[in-house]
Amino acid sequence: MTARFAPGDPVRVRPGAKPGHVRTPDYLKGKAGEVERVLGAFPNPEDLAYGLSGKPERVLYKVGFSQRSLWPDYEGPAEEQLYADVFEHWLEPGGEV
Amino acid sequence: MSHDHDHETNFGSATSPLAARVRAMEALLIEKGLVTEAEIQDNVAYMDSRSPVNGARLVARAWADEGFRARLLSDGKAAAIELGIDAVASPELVVVENTPDVHNLIVCTLCSCYPRNVLGRPPDWYKSFEYRSRAVREPRAVMREFGFEPPGDTRVAVHDSTADVRYMVLPIRPPGTGGLDESELADLVTRDCLIGVDVPRAPSAAQA
């Protein structure tokens with residue numbers, strides 16, 4: 001497993017829609033976050049959903065996002081985070097979070 | 001065909017369109033020889049055999065045994081297997097620890113991913129659109145509706161289990177429980193505490 005990103009790396013979730021089964025929720029599309037943890041490599045669910053092998057496996061990351069960057073009216077302190085599990089092909093290198 | 005086990009879902013009565021569709025699919029799968037009635041019933045029984053008691057045992061052991069706590073946090077699945085919980089074929093389990101600084105809340109916005117090997121079947125509210133959409137954007141309001149509010153200086157961390165990992169919360173051991181044994185400790189840990197919409201409380205008799 002070769003992970004492109006490491007814990008602490010700034011990343012951005014790719015914007016845009018992909019038809020069919022995806023595991024990247026819309027509310028994170030285009031949002032900047034930071035890699036919290038590399039979770040391992042898993043068969044790609046976007047292929048598994050259609051009876052394919054899911055190979056090659058894709059690296060999955062736990063990515064932290066500032067809640068206020070997701071929801072402008074967020075109730076809670078500025079340092080609160082939401083974490084979601086995002087596959088590598090949905091991530092690109094990010095600038096400042 | 002008998003199919004009288006107690007569905008906890010709200011999808012309707014045994015005569016609802018969805019129930020009728022499920023029965024038709026079952027009948028077809030059996031007719032085509034892909035599964036047997038006994039296999040279906042065995043699987044239903046297996047699903048019903050898993051419950052939050054498993055998660056509560058993990059928490060109580062972690063509270064009582066520092067070494068186990070470290071193993072639970074570094075590899076939840078291995079720790080579950082160590083306690084004899086059937087998790088070999090289950091997805092990865094990541095256990096997130098509540099501390100005075102952070103309170104964790106679990107949700108799956110995309111569907112209803114849930115650590116079934118340690119918590120059993122998810123409650124209806126966990127699968128509802130309302131919980132799934134609100135837990136990510138207003139977690140504090142959601143917890144208040146469950147009757148719980150984290151202390152003011154505790155950060156809330158929401159975990160949206162969008163992929164191949166399942167999450168469980170390791171709550172803080174309540175003060176005043178020093179005299180309780182592991183099984184009494186496990187009794188304090190409810191399903192809601194393991195999802196993060198509540199926290200364990202000491203039984204009133206044990207409180208200082």
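Values reported hereafter were calculated over all heavy atoms of this structure, with side chains retained and with hydrogens, waters and symmetry mates removed. What you see is a predicted model, and the numbers here were worked out from it, not measured in a lab. In what follows, chains are A, B, ... by sequence order, proteins preceding strands, each numbered from 1.
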Please classify the contact between [X] and chain B as side chain, backbone, both or neither, with a heavy-atom cut-off of under 4.5 Å.
| X | answer |
| --- | --- |
| A:D73 | side chain |
| A:Q67 | side chain |
| A:L70 | neither |
| A:Y27 | side chain |

Are the charged groups of [X] and [Y] less than 4.0 angstrom apart, N to O?
| X | Y | value |
| --- | --- | --- |
| A:E46 | A:R23 | no |
| B:D48 | B:R121 | yes |
| B:R155 | A:E80 | no |

Donor-acceptor contacts, no H, no angles, side chain residues 91-98 of chain B, under 3.5 Å, sequence neighbours left out:
from  : atom 1 : to     : atom 2 : distance (Å)
B:E97 : OE1    : B:R69  : NH2    : 3.1
B:E97 : OE2    : B:R69  : NE     : 2.7
B:E97 : OE2    : B:R69  : NH2    : 3.0
B:N98 : OD1    : B:N104 : N      : 2.8
B:N98 : OD1    : B:N104 : ND2    : 3.1
B:N98 : ND2    : B:H103 : ND1    : 3.3

Any residue meeting ring pair (Phe, Tyr, Trp, His ring centres under 6.0 Å) with B:Y131, in chain and number order, not counting sequence neighbours: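 Testing B:Y131 for ring pair (Phe, Tyr, Trp, His ring centres under 6.0 Å), a comparison that skips the adjacent residues, returns B:W125, B:Y126.
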query: Looking at residues at least two apart in the chain, or sitting in another chain, which of them share a salt bridge (Lys or Arg N to Asp or Glu O under 4.0 Å) with A:E88?
result: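 By the salt bridge (Lys or Arg N to Asp or Glu O under 4.0 Å) rule, A:E88 matches no residue at all.
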- prompt: If contact means a heavy atom pair closer than 4.5 Å, which residues of residues 139-151 of chain B contact chain A?
  reply: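 Listed by number: B:P139, B:R140, B:A141, B:R144.
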- request: Sort B:S133 into side chain, backbone, both or neither according to what part of it lies under 4.5 angstrom from a heavy atom of chain A.
  value: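 When you check distances to chain A, no heavy atom of B:S133 falls under 4.5 Å.
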